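Note that the structure is a prediction, hence the values are computed from the model and not measured. Side chains included, hydrogens not; waters and symmetry mates left out as well; all remaining heavy atoms used.
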Amino acid sequence: MELSHTVKKTQDPRNIRRCKGSEIILEVLKAEQVDTVFGYPGGAVIPIYDALYDYKDAIRHILVRHEQGAIHAAQGYSRSSDKVGVAIATSGPGATNLVTGLADAMIDSTPVVCITGQVFASLLGSDAFQEVDVINITAPVTKWNCQVTDADDISAVLAKAFYIAASGRPGPVLIDITKNAQLQETDFAGYEKCTGIRSYHPRPEVKPDYIHKAAALISTAEKPFLLFGQGVILGKAENELKEFIEKTGIPAAATVLGLGALPAGHPLYVGMLGMHGHYAPNKLTNECDVLIAVGMRFDDRVTGRLDQYARQARIVHLDIDLAEIDKNVMADVPVLGDCRETLPMLTELLAESRHTGWLSRFRSLQQEEEHEVVRKELFPGTGELTMGEVIHGLNELTGGDYIICTDVGQHQMISCRYARFTGSKRNITSGGLGTMGFGLPSAVGAKMANPDKLVICIAGDGGFQMNIQELGTLAQFNIGVKMIVLNNSFLGMVRQWQELFHDRRYSFVDITSPDFPAVAKAYGIDGRQVAEREQLRSSLRAMLEAEGPYLLEVQVGKENNVFPMVPQGCSTSEIRLK
């Protein structure tokens, strides 16, 4: 993409003043209404931090304990709000520590802007202290990146960065700014917001012919099925989705990242898709006659074996990103465009309908899953505590009025399956990359974006230790995140695969962990452990009623598994209940 862009004129020649590049960076953040940044200072960003000293009343800086924590916090901030998350890191290892989070944000379409410092331009390519080619390193995991070596370019490049990050299909952007550009003084006449870039078209033109073809196909369907993903949430098309299914009577299922776009209690919502999703939507994918995909990318965890995925169905695919059309599953009718625009166009063309018999098939399979899986997970009665009954206890005590930030593993799938997400932007989880260590720092960001909401981090004993140092961030800034560590003394998801597919050869998954509440208390954070069912509800209540951050460690069954499950290499029809 070229640097030339359309701007919203805000500058007044009378306001031209001399500024350092570092000050211009802060002026841009203010103009973009950034009120919180997450970062860690270092030599190559000292000028930015020096300027930040004078902007403390306008921009909160949250000092994380690791740069990976900064970008995951920026992700949580963005995913739980309508804002772009911002992270700052120094050059070299500071910049490379952002790469995992950038990859996570890229595959999960999360708008973040990362600002990294760089050595003086005169030293580029000389292997200077803490120099690394961050542009080439991050090119595959960013929507756009750019290196700035002159203060005169800072404002325009950052304007472009915020526009690209948030427009169309969102994603991460990284701007690398050399130290001389930060220190350089230049004339600054005010910020010009970017509103368009030549050759970049984030909102594709909708072709009415395809809308009509899609409507004609859907109107003839006897067993239509709708799958929706995070694109509905990113497009703010929740109401449009609801109106579509309520008019057509089509049952709808969510991807992991689509959870909450349709309230969990909606009568046409039939559950979650995927490897550990619900039985009915996975099973009946291979029985529907028309499959309507809205804002989802047919990830392998959703499709299972592609050569056996919905072969009997005609496919209608609505997506804003042309690259996703026909990438994994060929569409009979591709509908390119923003689903907030395309869904109402489709709805208008379709007659009111009901598919009572087809919907009853879902209900029948849901009852089977309820008997074989759900009751045993949520109401075991005896034996060791299960992860599911912890989530069920949260539902009962909160009514589902929470934001849950999960780590990755068995607890993640249990949370996605049983948490009652009553609205969008309440399920903050690492979907496409599956990043262990995501939960705690993303919860930091979510709580900063939503100070008046209950934010709960749910993690396993393995993933929690990957960024456990962010307890220091919670403590220093008194960020009231509630943390639940579901401890089964295993790397549980890997152990489950080793049990089911590798003859119980438990190879290096037995993990020893610290006394988590004791670690929290070393940071000045209250907490407790619970292992008895009789103490679970009171322990959850104590956590919810506590002021400030709180850690609850729950000892759960060591060899409990997450079911249903579609084994890798199998079709969705081969989903197992046990």
Side-chain angles (χ1 to χ4, degrees), residues 107-108 217 221 223-231 250-259 270-319 321 323-334 358 361-362 364-366 368-369 372-373 408-410 412-414 416-417 429-434 492-503 561-578:
I107 200 166
D108 282 354
L217 188 58
K223 296 189 289 184
F225 186 22
L226 186 143
L227 319 179
F228 62 91
Q230 188 184 207
I250 297 176
T255 66
V256 165
L257 294 186
L259 289 169
V270 295
M272 182 180 77
L273 300 157
M275 178 174 282
H276 291 288
H278 291 99
Y279 190 55
N282 277 294
K283 195 85 171 172
L284 295 182
T285 293
N286 283 349
E287 292 187 25
C288 68
D289 55 4
V290 173
L291 191 65
I292 308 151
V294 184
M296 55 88 72
R297 59 191 180 87
F298 289 112
D299 174 74
D300 64 289
R301 284 299 194 261
V302 166
T303 64
R305 279 189 61 168
L306 275 172
D307 63 350
Q308 295 181 15
Y309 181 77
R311 304 300 294 177
Q312 79 296 335
R314 304 289 297 277
I315 309 292
V316 177
H317 192 176
L318 285 70
D319 206 283
D321 188 354
E324 295 299 344
I325 303 292
D326 294 339
K327 185 177 79 174
N328 294 325
V329 174
M330 297 297 292
D332 293 277
V333 184
W358 172 232
R361 288 277 292 124
F362 286 90
S364 176
L365 292 177
Q366 284 174 333
E368 190 175 344
E369 181 180 355
E372 292 289 339
V373 177
V408 171
Q410 287 180 315
Q412 176 192 31
M413 293 295 97
I414 290 290
C416 290
R417 282 179 52 79
T429 194
S430 173
L433 198 64
M493 188 61 83
V494 181
R495 184 213 57 77
Q496 177 170 335
W497 280 55
Q498 289 177 344
E499 175 189 340
L500 298 178
F501 309 117
H502 296 275
D503 301 320
N561 291 326
V562 184
F563 284 103
M565 179 180 186
V566 179
Q568 191 169 32
C570 294
S571 76
T572 58
S573 299
E574 298 174 272
I575 186 170
R576 301 180 185 180
L577 286 172
K578 56 185 177 180

Leu577 and Glu368 have their tightest heavy-atom pair at CD1-OE2, 3.8 Å
Query raised in the report: Is the shortest heavy-atom distance from the side chain of Pro334 to the side chain of Asp326 under 4.5 Å?
Result: no
Here the pair of heavy atoms bringing Trp358 nearest to Pro224 is NE1-O, 2.6 Å
Closest non-hydrogen contact found for Ile575 with Gly277 is CD1-O, 4.2 Å
Note to self: With heavy-atom distances below 4.5 Å as the criterion, would you say the side chains of Leu306 and Val329 are in contact?
What the structure shows: yes
Tested for side-chain contact (heavy atoms from CB on, under 4.5 Å) against Ile315, the lone hit among Leu291, Val290, Leu217 is Leu291
Hits for side-chain hydrogen bond (donor to acceptor under 3.5 Å, both in side chains) against Asp300, two or more places apart or cross-chain, chain-then-number order -> none
Tightest non-hydrogen contact, residues Gln312 and Cys288, listed as NE2-O, 2.7 Å
Correct closest heavy-atom pair for Val566 and Ser571 would be CG1-O, 3.5 Å
Note to self: Closer than 3.5 angstrom, by distance alone: can the side chain of Asp289 be matched with the main-chain N or O of Ala313 as a donor-acceptor pair?
What the structure shows: no
Is there a side-chain contact between Phe225 and Val270, using heavy atoms and a 4.5 Å cut-off? yes
- Task: Without swapping roles, check the side chain of Asn282 against the backbone of Thr572 for a donor-acceptor pair under 3.5 Å.
- Result: no
Exercise. Let me see the working for Gln410 and His276 under side-chain contact (heavy atoms from CB on, under 4.5 Å), right down to the final yes or no.
Key: CA-CA 9 Å; Gln410 287 180 315; His276 291 288; over 6 Å; no
Would you find a donor on one side and an acceptor on the other, under 3.5 Å apart, between the side chain of His317 and the backbone of Arg297?
no
- Message: So Asn328 and Thr303, do their side chains get closer than 4.5 Å, heavy atoms only?
- Response: no
